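Take a look at the structure below.
The structure displayed is predicted, hence computed values, not measured ones. Positions are given from 1 along the sequence.
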Amino acid sequence: MTAVPEPPHLRAVTSPTPESLAGDGLALAYAALERVRSEHRLHRLSVVVVDPVLGHQVLVVPRGELPASGDDRVGWAAEPPIEEPSTDLELAVALCRTALRVEVPANPVDSTELALRRLEGVEAVAVEGDVIRIQVGASASARVAADALGVVRANLDRTVVVELTRAGGKPAPAPPEASPASSALEVVAVRTAPESGELEVHLRAREVRTIGRASLTRGLVGAAEATLDAWHARPGAPARRVTWARAVETSADGRFVVAVAIEAPAATPGMRHGIGTGPNPVEAAVHATADALTR
């Protein structure tokens, strides 16, 4: 598969520095949250705000993380839990509400995050190094990916990777002109996390990078399911399901060959087959699924 080069105008951002946290607005809100997290020795702290204009918004520290499961109630959530909220925590929550509603002069990182949060359907934004992670709601339209890239181009001056994930629910229907381009699909990374028993697959379709996960215990089928999970995270991607995944052979140079079958689009019933190779059966199954998705 031919990799699609990063667009020359998609630009990047460095990690927030202590100096960048000394400002007003969003930087001040994050600094207040980080102070509470440090004082209570928390692993993570999230604040949920429901704004009449922005809708459901979640701010998380450490700042490079997206909300975890359960971080969706209005107010705040901490890990480990806090028995009694402190005055500092309540003030930090109030500061988050204000920072989201009032735009003040800010550094490029904060300006980009605020602009992304103003896009319809965006619920959370995390910036870490040269990666911007955006979480959208279940009802977000297919336009949010293109709109997010436009915001990044307008505000930043170095290349970044934009990762898009969904908070849950089915993919939003895509208008005809926004249908995903299967031919642009690229496997960026395949990672295993033995401590959590998960396989993680990173895909790039044009300028949008998405992540999918599945249980390691499901073997080749799990590798295909993780690839489809990343595919489904792209707004407007049509639903697919794994039919089967089988090892075919091992090549002379020690690489594995796997074949995968997935359901075809509803408009053309049947199956789509893909063949992939890799240094191990799992990676071969991931590439085979990506191959099937391009057919």
Side-chain angles (χ1 to χ4, degrees), residues 1 3-4 43-44 64-71 79 124 126 128-136 138 161-171 180 182 184-206 208-235 237-251 254-263 271-295:
M1 184 185 304
V4 177
H43 298 309
R44 60 185 287 123
E65 297 187 12
L66 285 175
S69 176
D71 289 357
E79 181 187 334
E128 185 176 19
D130 60 354
V131 178
I132 298 178
R133 301 180 179 90
I134 304 169
Q135 180 174 292
V136 300
V161 171
V162 177
E163 296 181 355
L164 199 67
T165 61
R166 282 191 176 276
K170 297 180 179 180
S182 300
L185 196 64
E186 175 193 357
V187 177
V188 178
V190 180
R191 300 170 182 166
T192 59
E195 65 280 1
S196 63
E198 282 191 332
L199 171 69
E200 187 176 277
V201 174
H202 295 235
L203 295 181
R204 180 181 291 121
R206 292 182 181 260
V208 179
R209 178 165 164 171
T210 54
I211 302 174
R213 297 177 178 85
S215 173
L216 280 170
T217 62
R218 292 184 58 76
L220 298 181
V221 171
E225 289 174 340
T227 309
L228 285 181
D229 189 42
W231 163 262
H232 291 145
R234 179 174 168 83
R240 298 285 188 272
R241 186 175 65 86
V242 180
T243 304
W244 51 259
R246 301 168 187 162
V248 177
E249 63 180 22
T250 304
S251 63
R255 293 182 67 80
F256 292 83
V257 181
V258 171
V260 169
I262 62 174
E263 288 182 342
M271 289 191 295
R272 293 288 185 268
H273 299 86
I275 295 287
T277 64
N280 56 65
V282 168
E283 290 196 30
V286 169
H287 285 278
T289 308
D291 182 49
L293 288 169
T294 65
R295 298 179 184 275

Determine whether a donor-acceptor pair (N or O, by modelled atom type, separation under 3.5 Å) exists between the side chain of H202 and the backbone of V187.
no

Residue pair V162 / I134, side-chain heavy-atom distance below 4.5 Å:
yes

With sequence neighbours excluded, residues passing side chain to side chain contact (heavy atoms under 4.5 Å, CB included) with A124
V58, L66, P67, Q135

So, the side chain of D291 versus the backbone of I275: is there a donor-acceptor pair under 3.5 Å, distance only?
yes

In Å and rounded to the nearest 0.5 Å, what is the NE2 to CD distance from H232 to E225?
10.5 Å

Does the distance from a Lys or Arg side-chain N to an Asp or Glu carboxylate O, for R204 and E186, drop under 4.0 Å?
yes

Contacts of E79 meeting salt bridge (charged side-chain N to carboxylate O under 4.0 Å, His left out) (sequence neighbours excluded), chain-then-number -> none

I need the E198 CD to R213 CZ distance, nearest 0.5 Å.
6.0 Å

Those residues at least two apart in sequence (or on a different chain) that pass ring pair (Phe, Tyr, Trp, His ring centres under 6.0 Å) with H43 are none

Side-chain donor or acceptor of T192 paired with backbone N/O of P194 under 3.5 Å:
no

Ignoring hydrogens and angles, tell me if any N or O in the side chain of T210 forms a donor-acceptor pair with the backbone of A230 under 3.5 Å.
yes

So which heavy atom on V260 is nearest to which on A224, and how close?
CG1-CB, 4.3 Å

